[in-house]
Amino acid sequence: MPKKHSVKIAGHPTSITLEEPFWRALKEIAHNKKMSVNSLITDIDNERHRGLSSALRVYVLEDLQKKLK
């Protein structure tokens with residue numbers, strides 16, 4: 001089930017609805033990049049061409065695909 005998560009994007013509070021496995025993956029990616037989850041989400045938000053939750057899911061999928069190559 002999707003769950004709401006509170007984040008700050010470019011310093012502005014907002015919430016996103018995301019399934020727990022995607023949320024955990026975003027936290028892991030941010031940790032590996034030595035950045036906060038909020039910073040990672042802000043970066044993704046700046047490049048997105050779809051809804052934010054969808055953009056986050058695609059980002060996680062693309063990150064996983066890069067690791068599998």
Side-chain angles (χ1 to χ4, degrees):
M1 291 293 297
K3 180 181 174 187
K4 286 197 182 266
H5 299 274
S6 297
V7 296
K8 285 189 178 182
I9 298 175
H12 301 285
T14 190
S15 65
I16 55 171
T17 303
L18 206 58
E19 296 81 1
E20 196 59 32
F22 286 104
W23 182 251
R24 285 192 310 267
L26 279 173
K27 288 171 59 176
E28 181 179 329
I29 293 167
H31 175 78
N32 290 341
K33 291 181 174 244
K34 297 180 178 24
M35 61 192 312
S36 70
V37 174
N38 288 334
S39 294
L40 177 61
I41 291 173
T42 297
D43 289 351
I44 296 166
D45 183 55
N46 289 333
E47 300 295 322
R48 71 183 170 109
H49 303 286
R50 57 181 64 85
L52 181 57
S53 293
S54 178
L56 296 172
R57 289 182 190 95
V58 169
Y59 185 89
V60 167
L61 176 61
E62 289 175 347
D63 184 77
L64 176 61
Q65 289 173 329
K66 287 177 194 173
K67 290 176 182 175
L68 295 176
K69 287 184 179 181

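If you take NE2 on H12 and CG on N38, they are separated by 12.5 Å, rounding to the nearest 0.5 Å. Rounded to the nearest 0.5 angstrom, L64 CG and K69 NZ are separated by 11.5 Å. The structure places CD1 of I29 at 6.5 Å from CG of L40, a figure rounded to the nearest 0.5 Å. Atom CD1 of residue I16 and atom CG of residue L26 lie 6.5 Å apart, to the nearest 0.5 angstrom. Note that OG of S15 and CD1 of I9 are 9.5 Å apart. Values are rounded to the nearest 0.5 Å.
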Check against side-chain contact (heavy atoms from CB on, under 4.5 Å), W23 and H5:
CA-CA 9 Å; W23 182 251; H5 299 274; 3.4 Å; yes

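The two residues A10 and T42 come nearest to each other via the heavy atoms N-OG1, 3.1 Å. A55 and R50 get closest at one heavy-atom pair: N-CD, 3.6 Å.
Two residues are said to be in side-chain contact when any heavy atoms from C-beta on lie closer than 4.5 Å; R24 and E20 meet this criterion.
For K33, the side-chain hydrogen bond (donor to acceptor under 3.5 Å, both in side chains) test picks out Y59, with sequence neighbours left out. Legend: residues meeting side-chain hydrogen bond (donor to acceptor under 3.5 Å, both in side chains) with D63, ordered by chain and number and at least two apart, are K67.
Counting only distance, with no hydrogens or angles, the side chain of S53 and the backbone of T17 share a donor-acceptor pair below 3.5 Å.
With E19 as the partner, the salt bridge (Lys or Arg N to Asp or Glu O under 4.0 Å) test is satisfied by one option alone out of R57, K4, K3: R57.
A continuous path of ILVMFWY side-chain contacts below 4.5 Å connects M35 to F22, so both sit in one hydrophobic cluster.
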